[in-house]
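Every number for a ligand or one of its atoms is a count from 1 in the order of the listing.
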Amino acid sequence: MEVSIYKDHDTLSSHAAGEIIGMVARKPDAVLCLATGDTPRLTYSLVVQQATARKVDFTRCTFIGLDEWVGISPENEGSCHYFLRHHIFAPLQIAPHQIHLFNALSGDLAGECGLMNRVVKQRGGIDLMLVGIGMNGHIGFNEPGVAPDQYAHVVTLDEGTRTVGQKYFREQTVLTEGITLGLKHVLEAEKVLLLANGVKKAEVVRRALEEEVTTALPASIIRKHANSRVMLDEPAASALTRGETKSR
Ligand code: F6R
């Protein structure tokens, strides 16, 4: 694991966008798995800008959804579907056959998980996974206490995730379950970028990077990945105390 600390969210986002563009430029048929949320929003808009300016071809990439709120329609602005469509797929003109997202409205969610596991396997695994970190240390919807040896699965969301998740929705929304790739997908991805910005993430980032590696704080598992990079802005890095985690 490598830790990179940037002056601010703009600089962090520009470097994260460079990682995605670089991956696709090197490997045009890359399999990408991208988180949604406030953290990567700017990164994706810079990916779109850079891809257009540098004429990077995304037509052979595959996009794998990291997670989704169970029972929430893709048309709902708070859904992960909507976010990715709006910020990545539409501006980059990604074709439907390139996109594999969880159908969180399915009556057979276990079947959805199996399907996603098969897609990831058939595509030869994930080349680049970009994740955020929740206020409770989750990655995707891998909540504290998750089993480390799982692929895609359905989870009961933590109280905190249900509350914090309201920020994505226009109206108060009942959020009870999530469907997500598992920590095994994270550990098996070729490269993982974990992004965090803002002082509100400082304490959970410190715990993930400096306390024990435990599924009680799922994001700490990133330290077990040899080719992972934690990208922080200075406020998110402000609680770090150790030299190795403070490295630039
Ligand atoms: C979203 C996801 C979540 C978020 C995390 C941080 O697809 O997987 O784990 O990455 O909750 O969210 P923000 O970036 O909104 O702070």
Side-chain angles (χ1 to χ4, degrees), residues 9-10 12-13 16-17 20 32-46 63-70 72 74 76-89 99-104 113 116 126 128-146 150-170 173 175 177-186 189 192-205 207-208 215 217-222 228-233 235-237:
H9 189 214
D10 287 8
L12 159 66
S13 304
I20 295 174
L32 307 172
C33 174
L34 306 178
T36 63
D38 291 339
T39 310
R41 201 187 304 267
L42 179 58
T43 296
Y44 300 155
S45 106
L46 296 173
F63 287 86
I64 302 289
L66 175 61
D67 50 10
E68 187 56 280
W69 308 97
V70 167
I72 301 297
N76 186 316
E77 284 181 30
S79 69
C80 301
H81 264 80
Y82 190 98
F83 179 101
L84 291 171
R85 196 163 69 232
H86 186 77
H87 293 284
I88 296 269
F89 303 150
I99 302 170
H100 302 273
L101 304 183
F102 287 112
N103 173 10
C113 292
M116 191 61 95
I126 296 166
L128 182 66
M129 195 165 191
L130 185 153
V131 297
I133 176 171
M135 295 300 288
N136 64 355
H138 70 205
I139 286 189
F141 283 144
N142 290 279
E143 299 282 44
V146 64
Q150 288 191 98
Y151 287 108
H153 58 284
V154 176
V155 297
T156 300
L157 297 170
D158 265 21
E159 196 49 52
T161 301
R162 297 178 199 196
T163 311
V164 174
Q166 297 301 324
K167 69 178 175 172
Y168 306 121
F169 295 88
R170 269 183 201 271
T173 303
L175 303 170
E177 289 185 312
I179 183 167
T180 183
L181 295 189
L183 292 184
K184 237 170 143 45
H185 283 120
V186 178
V192 182
L193 306 177
L194 185 148
L195 271 55
N197 71 290
V199 71
K200 71 175 181 202
K201 295 281 174 75
E203 181 53 18
V204 74
V205 165
R207 288 174 56 212
T215 55
L217 198 86
S220 62
I221 204 162
I222 190 96
S228 63
R229 187 148 167 228
V230 177
M231 304 176 79
L232 308 171
D233 68 358

Enquirer: State, yes or no, whether a side-chain contact exists between T39 and K201 at a heavy-atom distance under 4.5 Å.
Expert: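 Sidechains of K201 and T39: in contact.
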Enquirer: Do I88 and F63 have side chains that get closer than 4.5 Å, going by heavy atoms?
Expert: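 Yes, their side chains come closer than 4.5 Å.
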Enquirer: Could you label the plane-to-plane angle of the W69 and F141 rings as parallel, tilted or perpendicular, counting under 30° as parallel and over 60° as perpendicular?
Expert: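 It falls in the tilted class, 30° to 60°.
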Enquirer: Please find the pair of heavy atoms, one from A219 and one from I133, that lie closest to each other, and give the distance.
Expert: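 Smallest heavy-atom distance, with atoms named: CB-CD1, 3.5 Å.
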Enquirer: Between the protein and ligand 1, which nitrogen or oxygen pairs come in under 3.5 Å, and how far apart is each?
Expert:
| residue | atom | partner | partner atom | Å |
| --- | --- | --- | --- | --- |
| ligand 1 | 7 (O) | T36 | N | 2.9 |
| ligand 1 | 7 (O) | T36 | OG1 | 2.8 |
| ligand 1 | 7 (O) | D67 | OD1 | 2.8 |
| ligand 1 | 7 (O) | D67 | OD2 | 3.4 |
| ligand 1 | 8 (O) | D67 | OD2 | 2.6 |
| ligand 1 | 9 (O) | H138 | NE2 | 3.2 |
| ligand 1 | 9 (O) | G140 | N | 3.3 |
| ligand 1 | 9 (O) | G140 | O | 2.9 |
| ligand 1 | 11 (O) | H138 | NE2 | 2.7 |
| ligand 1 | 12 (O) | Y168 | OH | 3.1 |
| ligand 1 | 14 (O) | D38 | N | 3.3 |
| ligand 1 | 14 (O) | T39 | N | 2.9 |
| ligand 1 | 14 (O) | T39 | OG1 | 2.4 |
| ligand 1 | 15 (O) | D38 | N | 2.9 |
| ligand 1 | 15 (O) | K167 | NZ | 2.8 |
| ligand 1 | 15 (O) | Y168 | OH | 2.5 |
| ligand 1 | 16 (O) | K167 | NZ | 3.4 |
| ligand 1 | 16 (O) | K201 | NZ | 2.7 |

Enquirer: Ignoring hydrogens, what is the shortest heavy-atom contact between H9 and D38? Give both atom names and the distance.
Expert: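 Shortest heavy-atom separation between H9 and D38 comes out as CE1-O, 4.3 Å.
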Enquirer: Measure the shortest side-chain to side-chain distance between T36 and L66 over non-hydrogen atoms and say whether it is less than 4.5 angstrom.
Expert: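 T36 does not reach L66 side chain to side chain.
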